[in-house]
Amino acid sequence: SIPLILLALIAIWGSAVLAPSIVRQVSLSNVPYVKVSSINVTSTGVYIKLAIIKQGDLDFTPINGWVEVVDTGQYGNVSNGLVAVLPLTPQYVGLSSVGVKGMVYGYLNGSRAYIAFFDIVPIHVVNSISIANFAYANCTLTVYLNASLVVPAIINYMVNVSLFTTYTHQYVFNTVNHVFNISLRIPPGSHLVMVELPIRPGGGGYTYIYGCAVEPNVYYTLYMPTDITYIYPTGNVTESAVLIKIEGGSS
């Protein structure tokens, strides 16, 4: 039995010596991988955009996949455009970044393959207020605003509001340091909001009026600097935005 034991030990030792030359560890390099390029939180949903990062000569053609936001537990499918859309939930407003994991299925150099990923990505909360259209008659400016908000907002005031012809740059009215106090609160979501501004002296500053109406078939530019406060759970953020709209005049 002793010779057999010795032979077994020699065989084991020989296998250990030969193993490194027979079995080699290989780690893939220069292969494509997936990363989260952006997360935009809007009033219509949470948009997660993925990107395929190519390394080397291997081509990965994505087909579909899935993502999960670890912080909220939400799960969604990835479209052909590498975008996943998730419902908006209140948690996002208080988060500065989230962890996203998932899988993208496709073909690697023609062979079926998948790429798993995990990223910690900052989120971008998108609040938007813009001019939809406007009218000016009887020295009253009526402005319709498109508001797409994740959090409530307050339009505090407008200042230096001016209306002029787009191509000839002739003023219909011009205000300098004239403050229009609005104090209009807009709830989250998508809304069309109307604001009326009487164009006449007052409000401090100077007001120059050259006409009380617009002419048909003439393009006008409305210039409207606006002070807006967005109400976040972590605190209010006040921003100055210059709203501009070009529109054909109507009587």
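- The shortest side-chain heavy-atom distance between M103 and I115 does not fall under the 4.5 Å cut-off.
- Side-chain atoms of K54 and F60, non-hydrogen and from C-beta on, never get closer than 4.5 Å to each other.
- The other residues sharing a hydrophobic cluster with I53 are Y33, where clustering joins ILVMFWY side chains under 4.5 Å apart.
- Within 6.0 Å of the OH atom in Y206, the count of heavy atoms belonging to other residues, nucleotides or ligands does not exceed 12.
- Judged purely by atom type and a 3.5 angstrom limit, N127 uses its side chain to pair as donor or acceptor with the backbone of V150.
- Checking L82, V78, L86 one by one against I48, the side chain to side chain contact (heavy atoms under 4.5 Å, CB included) holds for a single residue, L86.
- Residue-environment remark: OH (Y144) stays at or below the threshold of 12 foreign heavy atoms within 6.0 Å.
- Between the side chains of T207 and T175, no donor N or O sits under 3.5 Å from an acceptor N or O.
- At least one donor-acceptor pair under 3.5 Å links the side chain of T226 to the backbone N or O of M224.
- Between the side chain of T165 and the backbone N or O of Q170 there is at least one donor-acceptor pair closer than 3.5 Å.
- Clustering of Ile, Leu, Val, Met, Phe, Trp and Tyr side chains at separations under 4.5 Å places V85 together with Y47, V83.
- Residue K101 places its NZ atom among 12 or fewer non-hydrogen atoms of other residues, nucleotides or ligands, all under 6.0 Å distant.
- V161 and V195 fall within a single hydrophobic cluster, where Ile, Leu, Val, Met, Phe, Trp and Tyr side chains are chained together by heavy-atom contacts under 4.5 Å.
- Put simply, the side chain of I244 does not reach to within 4.5 Å of the side chain of L222, judged on heavy atoms.
- Formation of a donor-acceptor pair under 3.5 Å by the T166 side chain with backbone atoms of Y219 is found in this model.
- Looking at every heavy atom in both residues, I199 comes nearest to I209 through O-CD1, 3.2 Å.
- Looking at D71, its side chain does come within 3.5 Å of a backbone N or O of G99 through a donor-acceptor pair.
- Between V67 and F117, some side-chain heavy-atom pair lies under the 4.5 Å cut-off.
- In this structure, F173 and L197 have side chains that are not in contact, with every pair of non-hydrogen atoms separated by 4.5 Å or more.
- Looking at V104 and L50, their side chains come closer than 4.5 Å, going by heavy atoms from C-beta outward.
- Atom OH of Y75 has more than 12 neighbouring heavy atoms from other residues, nucleotides or ligands inside a 6.0 Å radius.
- A donor-acceptor pair under 3.5 Å links the side-chain atoms of Y136 to the main chain of G211, judged by distance alone.
- Checking Y92 against Q74 by side-chain atom types alone, a donor-acceptor pair falls below 3.5 Å.
- Applying the 4.5 Å side-chain rule to ILVMFWY residues, one finds Y157, V159 in the same cluster as V179.
- Under the 4.5 Å side-chain heavy-atom criterion for ILVMFWY residues, no single connected hydrophobic cluster contains both I231 and V41.
- N174 and Y223 share no donor-acceptor pair across their side chains, judged by distance under 3.5 Å alone.
- Counting only heavy atoms from C-beta outward, the side chains of T238 and I228 never approach each other to under 4.5 Å.
- The closest side-chain heavy-atom distance from V100 to I39 is below 4.5 Å.
- N146 and S130 are not linked by any side-chain donor-acceptor pair at a separation below 3.5 angstrom, with hydrogens and angles left out of the test.
- For the 3.5 Å distance criterion, the side chains of S43 and S190 qualify, holding a donor opposite an acceptor.
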